[in-house]
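For the numbers below, each heavy atom of this structure counts, side chains included, while hydrogens, waters and symmetry mates do not.
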Amino acid sequence: MDKLKNLAAKMEQREILRHKIYKVCYQYLNPKSDKELTSDMISDLEEYDLSYLNDLSAPCLICEAGYEINLPSEIICWYFPYLEYYECSDPKPINVKIFADVFIELFEVYHAQWQRFKELPQQKQDAYYNKIYNVIGNFTAIKNIAASSHLLINRNGLGIDGYKAKRMIKTVLWVTGLEKKMYDAFDPYFNFPIEWNSIPLDMFFIGLSSLCFYAGTILSVIFGVLFLLFGLMHLFRPSKVSEPLTVKEFADKIVGLRLMQSYQDTQQSKGQYND
């Protein structure tokens, strides 16, 4: 009886998730429509081809759908199989129904992994969090990070930001067996320094503006001003307002990434074994 109840609850949850994702897709595809998504529209919507979306609109729709079902941004960023459907030489077909199926599976795997983690003995859970807290402690004067996990890591509290934040996150990722390049998933929460590889492009536009000014024509001066503004605005762009994030929330995000990576590694191992 319990199994039947659990199955019924799971099916109900899937339908709720699917409707939320369909609603996001419908609103995204029909931005000027004031109609609500109804059951008689769903069959046509499900078959709508999403493979035409470009490398700007596809990530936007993916993020909106993920946020709608309360998936963390870093999980959406790293574990939605974007390169299977977009920006690849042999993309898989994708319509609204497949899009929803992929997200529902991602949602269920993410929460199942967390459930398994929470079933571990408390000592093992604490050991994993302490591994993260120990790294954070190396980047702040506060050493008892576990007792200060309610403080904001990126605001008044620990106040870790900029280059220090980038180093801290990369160290945490390395210690927990994750790829260092995952640090950019935390961009909404920290003001990372400008990447060195973007500076030559900024200097190019500033130099180009000088050539335009040197030419002396009205048109060249106009372009010179535009190039100069673009180069300076990008080079000295103002710091954004980061979303608040506590130490515990940061650690939860790292644990979530590690759990998903473990699942993905296991699935890949199974696939290689079956092959």
Side-chain angles (χ1 to χ4, degrees), residues 13-38 41-113 169 173 178-190 192 194-195 197-198 201 230 234 237 240-243 253 256-261 263-265 267-268 271:
Q13 183 187 58
R14 285 180 178 177
E15 287 306 309
I16 292 171
L17 293 173
R18 186 176 299 280
H19 185 76
K20 287 183 176 181
I21 296 166
Y22 283 178
K23 187 175 180 181
V24 169
C25 291
Y26 176 75
Q27 291 173 343
Y28 190 87
L29 297 170
N30 302 277
K32 295 182 180 179
S33 175
D34 56 356
K35 294 181 180 179
E36 290 290 329
L37 179 63
T38 59
M41 298 179 183
I42 288 178
S43 59
D44 290 333
L45 179 67
E46 285 184 327
E47 300 303 319
Y48 195 95
D49 183 20
L50 295 178
S51 61
Y52 77 93
L53 297 177
N54 59 36
D55 57 356
L56 292 177
S57 54
C60 290
L61 178 58
I62 290 167
C63 287
E64 286 186 29
Y67 294 152
E68 183 64 24
I69 60 174
N70 296 319
L71 275 175
S73 58
E74 66 277 4
I75 300 300
I76 302 167
C77 176
W78 280 99
Y79 294 104
F80 182 91
Y82 179 81
L83 293 178
E84 292 183 14
Y85 302 100
Y86 300 100
E87 297 186 53
C88 58
S89 58
D90 186 23
K92 294 181 179 179
I94 183 168
N95 56 26
V96 171
K97 184 180 184 303
I98 295 172
F99 182 79
D101 289 340
V102 171
F103 257 119
I104 291 169
E105 181 181 3
L106 180 59
F107 179 93
E108 290 181 345
V109 168
Y110 175 72
H111 286 281
Q113 289 298 100
I169 295 168
L173 292 170
L178 293 166
E179 295 184 70
K180 289 184 179 181
K181 63 183 180 181
M182 286 183 172
Y183 85 88
D184 62 3
F186 293 88
D187 184 69
Y189 307 101
F190 300 95
F192 294 130
I194 297 173
E195 295 288 346
N197 57 10
S198 70
L201 180 64
F230 178 85
H234 192 265
R237 61 184 183 274
K240 66 180 185 299
V241 178
S242 302
E243 297 178 28
K253 289 180 177 295
L257 285 169
R258 179 64 261 178
L259 293 174
M260 288 299 295
Q261 189 61 46
Y263 173 82
Q264 193 173 81
D265 292 344
Q267 295 303 110
Q268 289 176 352

task: For L257 and Q261, run side chain to side chain contact (heavy atoms under 4.5 Å, CB included): C-alpha distance rounded to whole Å, both residues' side-chain angles, the deciding distance at 0.1 Å, then the answer.
output: CA-CA 6 Å; L257 285 169; Q261 189 61 46; over 6 Å; no

task: Could you please spell out the steps behind the side chain to side chain contact (heavy atoms under 4.5 Å, CB included) verdict for V109 and M260?
output: CA-CA 8 Å; V109 168; M260 288 299 295; 3.9 Å; yes

- prompt: How about F99 and F103: are their ring centres within less than 6.0 Å of each other?
  reply: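 Centroid distance F99-F103: below 6.0 Å, so yes.
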
Could you check whether any side-chain heavy atom of [X] comes within less than 4.5 Å of a side-chain heavy atom of [Y], counting everything from C-beta outward?
{"X": "V96", "Y": "E47", "result": "no"}
{"X": "Y86", "Y": "P59", "result": "no"}
{"X": "L45", "Y": "Y22", "result": "yes"}
{"X": "K181", "Y": "W78", "result": "yes"}
{"X": "Q13", "Y": "I104", "result": "no"}

Nearest heavy-atom neighbours spanning [X] and [Y]:
{"X": "L71", "Y": "I76", "value": "O-CD1, 3.5 Å"}
{"X": "P91", "Y": "Y85", "value": "CB-O, 3.4 Å"}
{"X": "E64", "Y": "V24", "value": "CB-CG1, 3.8 Å"}
{"X": "V102", "Y": "P81", "value": "CG1-CD, 3.6 Å"}

About how many Å separate [atom2] of [Y] and [atom1] of [X], when rounded to the nearest 0.5 Å?
{"X": "S73", "Y": "D187", "atom1": "OG", "atom2": "CG", "answer": "9.5 Å"}
{"X": "Y189", "Y": "I169", "atom1": "OH", "atom2": "CD1", "answer": "11.0 Å"}
{"X": "L53", "Y": "I94", "atom1": "CG", "atom2": "CD1", "answer": "8.5 Å"}
{"X": "M182", "Y": "L173", "atom1": "CE", "atom2": "CG", "answer": "7.5 Å"}
{"X": "E68", "Y": "I21", "atom1": "CD", "atom2": "CD1", "answer": "9.0 Å"}
{"X": "K253", "Y": "E74", "atom1": "NZ", "atom2": "CD", "answer": "3.5 Å"}

task: Apply the test side chain to side chain contact (heavy atoms under 4.5 Å, CB included) to residues L50 and L29: give CA-CA distance (whole Å), side-chain angles for both, the deciding distance (0.1 Å), then the verdict.
output: CA-CA 10 Å; L50 295 178; L29 297 170; 4.3 Å; yes

query: Between the main-chain N or O of L259 and the side-chain N or O of Q113, is there a donor-acceptor pair closer than 3.5 Å?
result: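 Side chain of Q113 to backbone of L259, a donor-acceptor pair under 3.5 Å: yes, one is there.
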
- prompt: So, the side chain of Y67 versus the backbone of P72: is there a donor-acceptor pair under 3.5 Å, distance only?
  reply: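 Not confirmed, Y67 side chain does not pair with P72 backbone.
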
- prompt: Just one of E105, H19, E108 clears the side chain to side chain donor-acceptor pair (under 3.5 Å) bar with R14, so which one?
  reply: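 Looking at E105, H19, E108, the match for R14 under the side chain to side chain donor-acceptor pair (under 3.5 Å) is E108.
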
Derivation of the side chain to side chain donor-acceptor pair (under 3.5 Å) call for Y82 and E87: CA-CA 8 Å; Y82 179 81; E87 297 186 53; 2.6 Å; yes

message: Walk me through whether N95 and Y48 qualify under side chain to side chain contact (heavy atoms under 4.5 Å, CB included).
response: CA-CA 5 Å; N95 56 26; Y48 195 95; 5.7 Å; no

